[in-house]
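Remarks on the structure that follows.
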Amino acid sequence: WFSACLSQRSPLPPRRRAPRRLRRRTARSASAAARRATPCTCTPTPASPPSASPARLPKAELVRLSQTLSLVPRLHWLLVEDAEGPTPLVSGLLAASGLLFAHLVVLTPKAQRLREGEPGWVHPRGVEQWNKALDWLRGRGGAVGGEKDPPPPGAQGVVYFADDDNTYSRELLEEMRWTRGVSVWPVGLVGGLRFQGPQVQDGRVVGFHTAWEPNRPFPVDMAGFAVALPLLLAKPNAQFDSTAPWGHLESSLLSHLVDPKDLEPRTANCTWVLVWHTRTEKPKMKQEGQCSSRGRGGGHFCHQIRG
Ligand SMILES: *[C@@H]1O[C@H](CO)[C@@H](O)[C@H](O)[C@H]1NC(C)=O
């Protein structure tokens, strides 16, 4: 039944109508938030950076994400650190965030780690960490900080897999509260397109707008779906497969959980983009050596900078 759209032409309807509809929904959703599912957002951190560096990119990413998440009532953040043990950087950031959180830790095995200069597609990022979050939700495996216990049986939650470098609208996290099984929506600036996402007809997903491997079982991006917690708990073996070919990681989880025809379109029948793949440029710090070794540019102050 799948039809995938390969055209670059936007199937989005004119913009003016969708946001108004969505705004109404979101206003309703905020007032209904107390009755609807609690979003649990799982985020893997990249492998620990050299601790000597004062201006750390992972910290900047996590500050940005945590401040978006703190706009959403009753959200739980499962932050899974790629490390042997909890680092003060992440523990401190979580404690200061004011969010409900669970701090989990799992080190990516060496064989699955990207080596310097290796392209990202060689190993999908964050697989071990996302599976660790699933384990915790299912009562297997402890947290090292924050909430120690997983949600109680029967909890109405919805689980979203959020990378730290995307840009998320708070409305998206409200939208996903309605998830009964697996809900989907478009993702902006991804796969060489302005957006990719589900094609919806009469309120049902009938195909996908994607330029790349449209015949994947679920040609959706990690940022483009959320799963109801009761469904995840009902399928205890559903997890991400670290050996899945590039682009099939999402399918490796979703094929345990849902038939593609039962995907639930959100964000006004998938007409509105509320999440974007905004990659952060790798910072260049080639002047650092000069600053600290010769005291140029106020080098002695460098030692006093926190962050
Ligand atoms: C989605 O489409 C269905 C069927 O056309 C329609 O009944 C429904 O109101 C639409 N939902 C939104 C939020 O626009």
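When reading the values below, keep in mind they use all heavy atoms of this one structure, side chains included, and skip hydrogens, waters and symmetry mates. As the structure lists them, so they are numbered: ligands from 1, and atoms in each ligand from 1.
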Taking the six-membered ring for Trp and the single ring otherwise, decide whether the centroids of F225 and F218 are under 6.0 Å apart.
no
Geometric N/O contact N269 with ligand 1, under 3.5 angstrom
yes
Begin from the C-alpha positions of F101 and L79 and carry the test side chain to side chain contact (heavy atoms under 4.5 Å, CB included) through to its verdict.
CA-CA 7 Å; F101 70 87; L79 195 135; over 6 Å; no
Just by distance, do the side chain of T210 and the backbone of Q196 share a donor-acceptor pair under 3.5 Å?
no
Sidechain-backbone polar pair: E81 side chain, V105 backbone, donor-acceptor under 3.5 Å
no
Pull out every atom of ligand 1 sitting under 4.0 Å from any heavy atom of G203, numbered as shown with elements.
2 (O), 4 (C)
A268: numbered ligand 1 atoms lying under 4.0 Å from its heavy atoms:
13 (C)
Where ligand 1 meets D202 - atom numbers and elements under 4.0 angstrom, heavy-atom basis:
4 (C), 5 (O)
